[in-house]
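Here is the structure we will look at, set down as structure tokens.
Keep in mind the model is a prediction, meaning the values are calculated, not measured. This chain uses plain numbering: 1 for the first residue, then up along the sequence.
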Amino acid sequence: MAELGLCSRREADDWIAQGWVKVNGEVAPMGLQVLPTDRIEVERVAQGFQEQKVTILMHKPMGYVSGQAEDGHTPAVALINPRTHWREDPSRMRFSPPQLRGLAPCGRLDIDSVGLLVLTQDGRVARHLIGEDSEVDKEYLVRVQYGDVALNVQDAFPAEQLARLCHGLSLDGQPLKPARVDWQNPEQLRFVLNEGKKRQIRRMCELVGLKVVGLKRIRIGRVTLGNLPVGQWRYLGANEKF
């Protein structure tokens with residue numbers, strides 16, 4: 001069911017336990033093995049539960065961790081409340097406390113990084129963004145220094161090292177996937193990545209002698225940060241797809 005994009009694995013277990021899933025017209029027991037030729041049907045009540053689940057886009061500020069609280073730092077989900085809901089959110093949805101239940105971040109954004117963070121109750125969204133087979137790219141603006149050079153870094157930074165950022169680096173003993181990296185201005189690089197290892201961009205920059213002094217994620221797939229203010233959030237619209 002997860003592979004077909006019907007739901008997450010956890011949701012599939014819940015639906016089967018509730019008797020909401022049929023295989024070839026028969027209520028499916030837990031653990032039933034199915035073949036590609038089998039017909040899977042899901043009761044409308046399960047689809048209704050799924051439609052009530054929310055996905056939230058936040059402009060994470062510096063100083064918040066994206067996941068669970070750690071080392072005394074506050075998780076970004078703590079910022080989600082009616083007061084921080086963006087007034088210009090085009091969605092007609094209203095905040096309610098049950099929307100926080102099971103709301104989890106889809107990917108990392110370091111405590112000292114800012115920008116677009118996605119949190120969702122929908123297992124399908126999570127799988128699409130951070131599943132093993134995910135191909136969704138993410139775009140970042142990264143302000144850098146090169147040794148003592150803080151201004152006009154582009155002129156001082158060797159072109160061959162920029163090429164290594166695009167392809168040729170390894171982290172944790174594994175080669176990185178090709179990335180798109182180019183200069184946006186003399187002090188700022190644009191990174192487009194298809195993977196998300198821990199502190200990946202900062203570690204990539206260290207390998208070529210760059211120091212990151214500012215990092216902001218501005219896009220995930222087809223969804224952009226746009227004008228969303230720092231520390232505020234909005235709902236993913238019904239017409240928006242990653």
Side-chain angles (χ1 to χ4, degrees), residues 1-2 5-18 20 42-131 134 136 138 196 198 215-242:
M1 291 169 64
L6 297 175
C7 59
S8 69
R9 288 182 172 84
R10 181 177 296 178
E11 287 170 331
D13 287 343
D14 291 342
W15 294 0
I16 292 167
Q18 294 285 345
W20 293 341
V42 178
E43 297 286 346
R44 283 185 177 274
V45 63
Q47 296 171 351
F49 271 96
Q50 201 170 48
E51 289 167 2
Q52 293 172 16
K53 295 185 175 182
V54 300
T55 295
I56 283 173
L57 311 175
M58 174 188 290
H59 190 159
K60 188 189 87 67
M62 198 173 294
Y64 288 81
V65 292
S66 54
Q68 298 294 320
E70 56 185 66
D71 300 328
H73 298 296
T74 306
V77 69
L79 287 171
I80 299 175
N81 59 63
R83 297 185 304 279
T84 53
H85 186 193
W86 189 31
R87 290 182 180 180
E88 297 181 32
D89 186 348
S91 168
R92 296 182 179 181
M93 296 186 68
R94 292 187 176 184
F95 175 78
S96 64
Q99 293 171 356
L100 296 174
R101 193 175 301 131
L103 191 67
C106 295
R108 303 182 182 92
L109 195 58
D110 300 331
I111 189 169
D112 42 5
S113 300
V114 302
L116 181 59
L117 180 67
V118 177
L119 303 103
T120 189
Q121 294 177 314
D122 192 332
R124 296 171 302 174
V125 174
R127 177 184 171 89
H128 181 60
L129 294 183
I130 58 175
S134 175
V136 177
K138 302 170 184 68
K198 188 174 183 179
L215 191 155
K216 181 179 185 179
R217 183 158 62 201
I218 60 171
R219 179 178 63 81
I220 298 178
R222 289 173 286 181
V223 175
T224 62
L225 181 64
N227 297 323
L228 185 62
V230 176
Q232 296 188 28
W233 60 274
R234 69 175 180 88
Y235 294 103
L236 181 72
N239 62 337
E240 290 183 292
K241 302 293 181 185
F242 290 101

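For Gln121 (side chain) and Gly102 (main-chain N/O), no donor-acceptor pair under 3.5 Å exists by modelled atom type. No donor-acceptor pair closer than 3.5 Å links the side chain of Thr84 to the backbone N or O of Gln232. Under a 3.5 Å cut-off, the side chain of Asp13 and the backbone N or O of Ile16 do not form any donor-acceptor pair. No donor-acceptor pair under 3.5 Å is formed between the side chain of Tyr235 and the backbone N or O of Arg92.
Summarising the geometry of Val223 relative to Lys241, their closest heavy-atom pair is CG2-O, 3.8 Å, with the distance given to 0.1 Å. The nearest pair of heavy atoms linking Pro75 to Tyr64 is O-CD2, 3.8 Å. Here the closest non-hydrogen pair linking Leu57 and Leu228 is O-CD2, 3.6 Å. Here the closest non-hydrogen pair linking Gly231 and Pro61 is CA-CG, 4.0 Å. Taking every heavy atom of both residues into account, Arg127 and Ser134 meet most closely at O-CB, 4.4 Å. Of all heavy-atom pairs between Val125 and Phe242, the closest is CG1-CE1, 4.0 Å.
Leu225 CG to His59 NE2: the interatomic distance, rounded to the nearest 0.5 Å, is 5.0 Å. Between the CE atom of Met93 and the CG atom of Leu236 there is a distance of 10.0 Å, given to the nearest 0.5 Å. With rounding to the nearest 0.5 angstrom, the CG atom of Leu79 is 11.0 Å from the CD1 atom of Ile56. Remark: Thr55 OG1 to Arg124 CZ distance equals 8.5 Å, nearest 0.5 Å.
Aromatic pair His85/Trp233: ring centres closer than 6.0 Å.
Pairs passing the salt bridge (charged side-chain N to carboxylate O under 4.0 Å, His left out) check and including a residue from residues 219-232, sequence neighbours excluded, read Asp137-Arg219, Glu139-Arg219.
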Could you list the donor-acceptor pairs under 3.5 angstrom formed by side chains in residues 103-119, with sequence neighbours left out?
| from | atom 1 | to | atom 2 | distance (Å) |
| --- | --- | --- | --- | --- |
| Arg108 | NH1 | Gly196 | O | 2.8 |
| Asp112 | OD2 | Arg199 | NH2 | 3.4 |
| Ser113 | OG | Arg202 | NH2 | 3.0 |

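Counting only heavy atoms from C-beta outward, the side chains of Glu88 and Asn227 never approach each other to under 4.5 Å.
Other residues, nucleotides and ligands place no more than 12 heavy atoms under 6.0 Å from the NZ atom of Lys216.
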